[in-house]
Amino acid sequence: MTASEYQRLAMRTARADCRTLSNVGLGLAGEAGEVADLIKKHLHQGHELNVSDMVNELGDVAWYLALGCEILGVNLGTVMELNIEKLRRRYPEGFDSERSRNREE
């Protein structure tokens, strides 16, 4: 599945009243919090990492990303491509701790 296909199909479940940037921001924060909670329980509370739950929560993050793109009128694939371009400029040889600490914006 391409990012464009995902965005189109995901928006079938986006009601008109949820197509707001506030919903995107709050939804991303909430779903990212659920991902963080699974990791916290695994690392600090002795739980097995539930990969299935993690995959589902990451899918929910993707849904809110797609909604944000839809509201802004941009394609999710374009956002992904632009992010890769930024990372290539920032870390041309791959991640580097020194470059990370001394970034030029």
Side-chain angles (χ1 to χ4, degrees):
M1 174 179 291
T2 68
S4 296
E5 289 171 320
Y6 177 85
Q7 183 174 346
R8 179 179 53 80
L9 292 170
M11 291 307 96
R12 292 177 47 250
T13 60
R15 298 182 327 259
D17 63 337
C18 79
R19 292 176 182 243
T20 64
L21 289 177
S22 61
N23 188 42
V24 171
L26 294 169
L28 281 170
E31 297 302 338
E34 292 192 38
V35 169
D37 195 52
L38 288 169
I39 295 168
K40 175 202 68 175
K41 287 178 179 178
H42 172 63
L43 293 178
H44 302 286
Q45 297 177 356
H47 294 233
E48 288 294 319
L49 180 62
N50 188 321
V51 174
S52 177
D53 284 353
M54 181 71 84
V55 167
N56 286 330
E57 297 304 338
L58 291 172
D60 292 341
V61 169
W63 189 91
Y64 281 102
L65 286 173
L67 178 61
C69 291
E70 190 76 13
I71 291 168
L72 296 174
V74 298
N75 183 281
L76 178 58
T78 301
V79 170
M80 295 164 72
E81 289 172 11
L82 291 171
N83 182 254
I84 292 299
E85 289 174 19
K86 177 184 78 173
L87 292 171
R88 282 187 178 140
R89 283 190 311 274
R90 188 174 289 169
Y91 305 110
E93 304 300 322
F95 180 77
D96 178 282
S97 296
E98 181 66 26
R99 288 183 72 95
S100 177
R101 286 190 299 274
N102 299 297
R103 275 194 352 218
E104 291 180 24
E105 292 298 324

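Heavy-atom basis, side chains included; hydrogens, waters and symmetry copies ignored.
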Contact summary for Leu67 and Ala14, nearest pair of heavy atoms: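 Closest pair (atom of Leu67, atom of Ala14, distance): CD1-CB, 4.1 Å.
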Member of Val74, Leu65, Leu72 meeting the side-chain contact (heavy atoms from CB on, under 4.5 Å) criterion with Val79: Val74
Which residues share a salt bridge (Lys or Arg N to Asp or Glu O under 4.0 Å) with Glu85, sequence neighbours left out: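 For Glu85 there are no salt bridge (Lys or Arg N to Asp or Glu O under 4.0 Å) partners, ignoring immediate neighbours.
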By salt bridge (Lys or Arg N to Asp or Glu O under 4.0 Å) - contacts of Arg12 (at least two apart):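 Scan of Arg12 (salt bridge (Lys or Arg N to Asp or Glu O under 4.0 Å), adjacent residues dropped) gives none.
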Inter- and intrachain pairs under ring-ring contact (aromatic ring centres under 6.0 Å, His included), touching residues 68-91, at least two apart: Tyr91-Phe95
Contacts of [X] that satisfy side chain to side chain contact (heavy atoms under 4.5 Å, CB included) - sequence neighbours left out:
X	value
Met54	Val35, Leu38, Ile39, Leu49, Leu58
His47	Lys41, Gln45
Glu31	Glu34, Glu57, Asp60, Val61, Tyr64
Glu98	Asp96, Arg101, Asn102

Using the test side-chain hydrogen bond (donor to acceptor under 3.5 Å, both in side chains), find all partners of [X] that sit at least two apart in sequence or belong to another chain.
X	value
Asn50	Asp53
Asp17	Arg15
Thr13	Trp63
Ser22	Thr20

Short side-chain to backbone donor-acceptor contact, Arg19 and Met11, under 3.5 Å: yes
Pairwise side-chain hydrogen bond (donor to acceptor under 3.5 Å, both in side chains) hits with a residue in residues 68-84, at least two apart: Ser4-Asn75, Gln7-Glu70
